[in-house]
Amino acid sequence: MKSLDSDIAVIGAGIIGVCCALSLQQSGYRVTLIDRDGVGEGASKGNAGHFATEQVLPLATPGLMWKIPGMLADPLGPVAIRWSYLHRITPWFIRFMLNTRQRPYHQGAAALSALNSHSLPAWLRLLKQVKAEDQLKVEGSLLVFEKAQSFANYQTTRNQLSDYGVKSVALSAGQVSELEPDLSSNIRHGVFFPETGHTADPYRLTCILADFFVAQGGEMIQQSVSNVRTTETGVTLQVAGEQRQVPKIVLAAGAWSKSLVEQLTGKTVPLDTERGYHLMLPDASKKLRIPVASADRRFIMTPMDDGLRLAGTVEFGGLHARPNMKRAEMLAQHAGALIPGLKLELGDSWMGFRPSLPDSLPVIDRVGPRGQVLLAFGHQHLGLTQAALTGELVSSLLQEQDPVVDLKPFRLDRFS
């Protein structure tokens, strides 16, 4: 059996895995980064590019149970379930609904708030080291409302966000127009979140970080990983059919982490997949300055280098069903309603897999009989936001240093 020429292997080269690899490398470890498809080819490639530090409230909100039937009635609505997948997702949904109770909901919000409050500073530190500060624009984001009642209803949520330290500014229709002149006059209100950011190309950002990692001596292997197990001396894993040994690993395989966790720990983690879609409008990149989300239409528009990216729909259908690109194409109609005169020439469409746990919290932990397995997966909608911080936390765990965030809410053993 051959040994990898490294101190630690990171499985998964999405934005989480790349940030973990970089942080460990900067702490003095020899690191090998392994991914079947290469750098950033999953959710890191097609996400909305929004550093969403304002999103501190778990998706399992109190009272959600009564809204779900209506949300799911429309197969092209903001949330959909493939009916063929319903029997597979039901246990996950039961756990999800249990988290709508007040106590787990507020515990989850406190945990997400702790992560998000440290996320942008971690990104600024990382990008300064890599000399890529231009990849993050901290210019805020905007949530718009076409219905006065929707804005009134949102005030409860806004108050909750304020309780967890999220700053926001309520805007009139005129103030929304001043901030983003191309938006529709049908918008009645807005809420501006000043402490959020975006990137003009999340895939390019991931590749820049990976290139820096390799330039600093890191090893990148594009191969599949299977048959992982802990041993007395570390971890063995099968890489492209060949058994390899390494002292420690970081599991950051996103939506594909479930089976690997079970092999390494014997624990079945309730990880499932939200299939996310995006659509590019190639001639519309200058229509907006900052990300704009619609409270009524449940989607987001982000200006990027190669166009305006429309994203935000959720579909539960697992890892293997064919994509339903109508879910991406429908976003053009919503964008046209919010930006009058928008040229709706459709560009690339995309579908990717968000790794989702029923309490909306990631797993960030160190496990294994000799502490040789580090876990960093399940970031759901906040992988880009929390990636740099996750890298720092994993490095702290490995070095047995006190992390900047209490990691108890993110431990694997929270799942019975």
Exercise. Does atom CZ of Arg188 have more than 12 heavy-atom neighbours from other groups under 6.0 Å away?
Worked result: no

Problem set entry | Side chain proximity check, Arg370 to Thr230, heavy atoms < 4.5 angstrom | no

For this session: Could you check whether the rings of Phe96 and Trp92 sit parallel, tilted or perpendicular, using 30° and 60° as the cut-offs?
Result: parallel

Exercise. Has Arg414 got more than 12 heavy atoms of other residues, nucleotides or ligands less than 6.0 Å from its CZ?
Worked result: yes

Exercise. Under 4.5 Å between any side-chain heavy atoms of His118 and Pro403, yes or no?
Worked result: no

Problem set entry | Nearest-0.5 Å distance, CG of residue Leu288 to CG of residue Leu142 | 9.0 Å

Problem set entry | Residues Gln399 and Ser395: side-chain donor-acceptor under 3.5 angstrom | yes

Problem set entry | Arg275 side-chain N/O to Ala321 backbone N/O, donor-acceptor pair under 3.5 Å | yes

Problem set entry | N/O donor-acceptor pair under 3.5 Å between Asn116 side chain and Gln55 backbone | yes

For this session: On the 0 to 90° scale, with breaks at 30° and 60°, tag the Phe51-Trp123 ring pair as parallel, tilted or perpendicular.
Result: perpendicular

Exercise. So with a 6.0 Å cut-off around CZ of Arg125, is the heavy-atom count from everything else above 12?
Worked result: yes

For this session: Only one of Leu120, Leu205, Leu126 passes side chain to side chain contact (heavy atoms under 4.5 Å, CB included) with Leu136; say which it is.
Result: Leu120

Problem set entry | Leu361 versus Gly108, closest heavy-atom pair with distance | CD2-O, 3.7 Å

Exercise. Hey, what do you get for CD (Gln129) to CG (Leu209), rounding to the nearest 0.5 Å?
Worked result: 10.5 Å

For this session: Using modelled atom types only, decide if a donor and an acceptor are shared between the side chain of Tyr277 and the backbone of Asn324 within a distance under 3.5 Å.
Result: yes

Exercise. Is Asp413 salt-bridged to Arg411, going by a charged N under 4.0 Å from an acidic O?
Worked result: yes

Problem set entry | Heavy-atom check, side chain of Phe93 versus side chain of Thr90, under 4.5 Å | no

Exercise. Which pair of heavy atoms, one from Ala148 and one from His189, lies closest together, and at what distance?
Worked result: CA-CD2, 4.2 Å

Exercise. Is any side-chain heavy atom of Thr385 less than 4.5 Å from a side-chain heavy atom of Leu115?
Worked result: no

For this session: Check whether any side-chain heavy atom of Leu338 sits under 4.5 Å from a side-chain heavy atom of Asn186, and report yes or no.
Result: no

Problem set entry | Closest non-hydrogen atom pair between Met220 and Val214, with its separation | CB-CG2, 4.1 Å

Exercise. When rounded to the nearest 0.5 angstrom, what is the spacing between CZ in Arg82 and CZ in Arg88?
Worked result: 14.0 Å

Problem set entry | CA sep, side-chain torsions, deciding dist, call: Thr268, Glu262, side chain to side chain contact (heavy atoms under 4.5 Å, CB included) | CA-CA 5 Å; Thr268 301; Glu262 188 165 4; 3.3 Å; yes

Exercise. Between Ser150 (side chain) and Asp296 (backbone), is there a donor-acceptor pair under 3.5 Å?
Worked result: no

For this session: State, to 0.1 Å, how close Gly12 and Leu33 come at their nearest heavy-atom pair, and which atoms those are.
Result: O-CD1, 3.4 Å

Exercise. Does the pair Lys248 and Tyr29 meet the rule for a side chain to side chain contact (heavy atoms under 4.5 Å, CB included), with working shown?
Worked result: CA-CA 11 Å; Lys248 296 177 176 66; Tyr29 295 95; over 6 Å; no

Exercise. Is Glu232 atom CD crowded by more than 12 heavy atoms from other residues, nucleotides or ligands, each under 6.0 Å away?
Worked result: no

Problem set entry | Neighbour count above 12 (heavy atom, 6.0 Å) for Lys167 NZ | no

Problem set entry | Donor-acceptor side-chain pairing of Ser6 and Glu219 below 3.5 angstrom | no

Exercise. Going from CD on Gln380 to OG1 on Thr273, what distance comes out if it is rounded to the nearest 0.5 angstrom?
Worked result: 10.5 Å

For this session: Using a 4.5 Å cut-off on heavy atoms from C-beta on, say whether the side chain of Met330 contacts that of Thr313.
Result: yes

Problem set entry | Donor-acceptor contact present, side-chain Ser23 to main-chain Cys19, <3.5 Å | no

For this session: For the pair Glu180 (side chain) and Arg289 (backbone), establish whether a donor and an acceptor sit closer than 3.5 Å, ignoring hydrogens and angles.
Result: yes

For this session: To the nearest 0.5 Å, tell me how far Leu342 CG sits from Met301 CE.
Result: 8.0 Å

Problem set entry | Any Leu281 side-chain heavy atom under 4.5 Å of Leu344 side chain | yes

For this session: Could you tell me which non-hydrogen atom of Ala52 sits nearest to which non-hydrogen atom of Leu382, and how far apart they are?
Result: O-CD2, 3.7 Å

Exercise. If you draw a 6.0 Å radius around CD in Gln155, do more than 12 non-hydrogen atoms from other residues or ligands fall strictly inside?
Worked result: yes

Problem set entry | Heavy-atom donor-acceptor pair, Ser44 side chain to Gly14 backbone, under 3.5 Å | no

Problem set entry | Side-chain (Ser168) to main-chain (Val191) donor-acceptor, under 3.5 angstrom | no

For this session: Determine, step by step, whether Val235 and Leu264 satisfy the side chain to side chain contact (heavy atoms under 4.5 Å, CB included) criterion, reporting the C-alpha distance in whole Å, the side-chain angles of both residues, the deciding distance to 0.1 Å, and the verdict.
Result: CA-CA 9 Å; Val235 180; Leu264 289 164; 4.1 Å; yes

Problem set entry | Gln25 side chain vs Phe213 backbone, donor-acceptor pair below 3.5 Å | yes

Seminar exercise, completed: Result for side chain to side chain contact (heavy atoms under 4.5 Å, CB included) between Glu392 and one of Leu389, Val394, Thr390 points to Leu389

For this session: Please say whether more than 12 non-hydrogen atoms of neighbouring residues, nucleotides or ligands are located less than 6.0 Å from CG in Asp348.
Result: no

Exercise. Going by distance alone, is a donor N or O of one side chain under 3.5 Å from an acceptor N or O of the other, for Tyr85 and His320?
Worked result: no

Problem set entry | Side-chain donor or acceptor of His50 paired with backbone N/O of Gly197 under 3.5 Å | yes

For this session: Using the ring-ring contact (aromatic ring centres under 6.0 Å, His included) rule, collect all pairs that involve residues 336-388, keeping only residues at least two apart or in two chains.
Result: Trp256-Phe353, His278-Trp350

Exercise. Between Ala240 and Gln223, which heavy-atom pair has the shortest distance, and what is it?
Worked result: CB-OE1, 3.2 Å

For this session: Enter the distance from Phe193:CZ to Arg158:CZ here, rounded to the nearest 0.5 Å.
Result: 8.0 Å

Exercise. Is there a side-chain contact between Glu146 and Ser294 (heavy atoms, below 4.5 Å)?
Worked result: yes

Problem set entry | Verdict with supporting geometry, Ile339 and Leu183, side chain to side chain contact (heavy atoms under 4.5 Å, CB included) | CA-CA 5 Å; Ile339 305 178; Leu183 287 175; 4.1 Å; yes

For this session: Kindly check if the number of other-residue, nucleotide or ligand heavy atoms within 6.0 Å of CG (Asp402) is above 12?
Result: no

